[in-house]
Amino acid sequence: MGRKLRQSEHNPSIYFQIFDEDIWLMLDKLMTLPKYAKSRTSLINNALAYGLPKLIEDEFGEKTLNAEPYEQPTEKSAVQISTENDHDEHIAEVVRLLQEIIMNTTISKSLVCSLFNAKSAELKGKPPSAIKFDSGAMRDTPTYMTKYEIDRLNEMDEED
């Protein structure tokens, strides 16, 4: 790594045991990379440099920065910056996904309303009609839920 060892009160050699098979599998996978193929020590030092700051943050709530940067694994961004040509395709994909969410929400809402109406009829002593239930005729939202939904939508519009 080209890092100079500095004098320290700590012995630079530490021996420890790894009992977790999953950790061994991860180490073995990383050892297949050319930069670690000959030096498990280099791999362990990079793993510690990458993970210890996160562990300190999780345990003590302190963010730490390494004085000397190590080669840290980088994550690929989930969102890629697109060119002007891809812009319309990305918007079309977002619109398609939003339409799918709306469709799924509508289906879920309809199913819940049907179950509500069937249970309501049952509690009133009227057996729910299987034909009505299967055909979707019981999908209507109860009046008070329709009013609630309209009120919430209006509130959302007022906030914008």
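Quick note: numbers below take in every heavy atom, side chains included, and nothing from hydrogens, waters or symmetry partners. Positions are given from 1 along the sequence.
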message: Check this for me: L33, atom CG, are more than 12 non-hydrogen atoms of other residues, nucleotides or ligands nearer than 6.0 Å?
response: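 Yes.
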query: If every non-hydrogen atom of A118 is compared with every non-hydrogen atom of P128, which pair is closest and at what distance?
result: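 Looking at all heavy atoms of both residues, the closest pair is O-CG, 3.8 Å.
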Would you say the side-chain atoms of [X] pair up with the backbone N or O of [Y], donor to acceptor, closer than 3.5 Å?
X	Y	answer
S42	S39	no
S108	N104	yes
S114	S110	yes

- prompt: Would a 4.5 Å heavy-atom cut-off, applied to side chains only, mark E89 and E93 as touching?
  reply: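 No, their side chains stay 4.5 Å or more apart.
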Nearest 0.5 Å, what's the [atom1]-[atom2] distance between [X] and [Y]?
X	Y	atom1	atom2	result
K35	L30	NZ	CG	9.0 Å
M26	I18	CE	CD1	9.5 Å
D28	E21	CG	CD	8.0 Å

message: side chain to side chain contact (heavy atoms under 4.5 Å, CB included), that's the test. Do H90 and V94 meet it? Break it down for me.
response: CA-CA 6 Å; H90 289 294; V94 169; 5.5 Å; no
Other ILVMFWY residues reachable from L123 by side-chain steps of under 4.5 Å: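 L123 shares its hydrophobic cluster with no other residue.
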Hydrophobic cluster partners of L111 (side-chain heavy atoms under 4.5 Å):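 The other cluster members (ILVMFWY side chains, heavy atoms under 4.5 Å, direct or chained) are M103, I107.
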message: Walk me through whether T41 and I44 qualify under side chain to side chain contact (heavy atoms under 4.5 Å, CB included).
response: CA-CA 5 Å; T41 300; I44 298 297; 5.8 Å; no
query: Is it true that R152 and E149 have a side-chain N and a carboxylate O under 4.0 angstrom from each other?
result: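 The answer is no: the pair does not qualify as a salt bridge.
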- prompt: So, are K126 and E122 salt-bridged, with charged N and O less than 4.0 Å apart?
  reply: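 No salt bridge links K126 with E122.
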message: Quick check: is Y148 connected to I150 through a chain of hydrophobic side chains (ILVMFWY, heavy atoms under 4.5 Å apart)?
response: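 Shared cluster, no.
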query: Are L153 and V112 connected in a single hydrophobic cluster, I mean Ile/Leu/Val/Met/Phe/Trp/Tyr linked by side-chain heavy atoms less than 4.5 Å apart?
result: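 No, no single cluster joins them.
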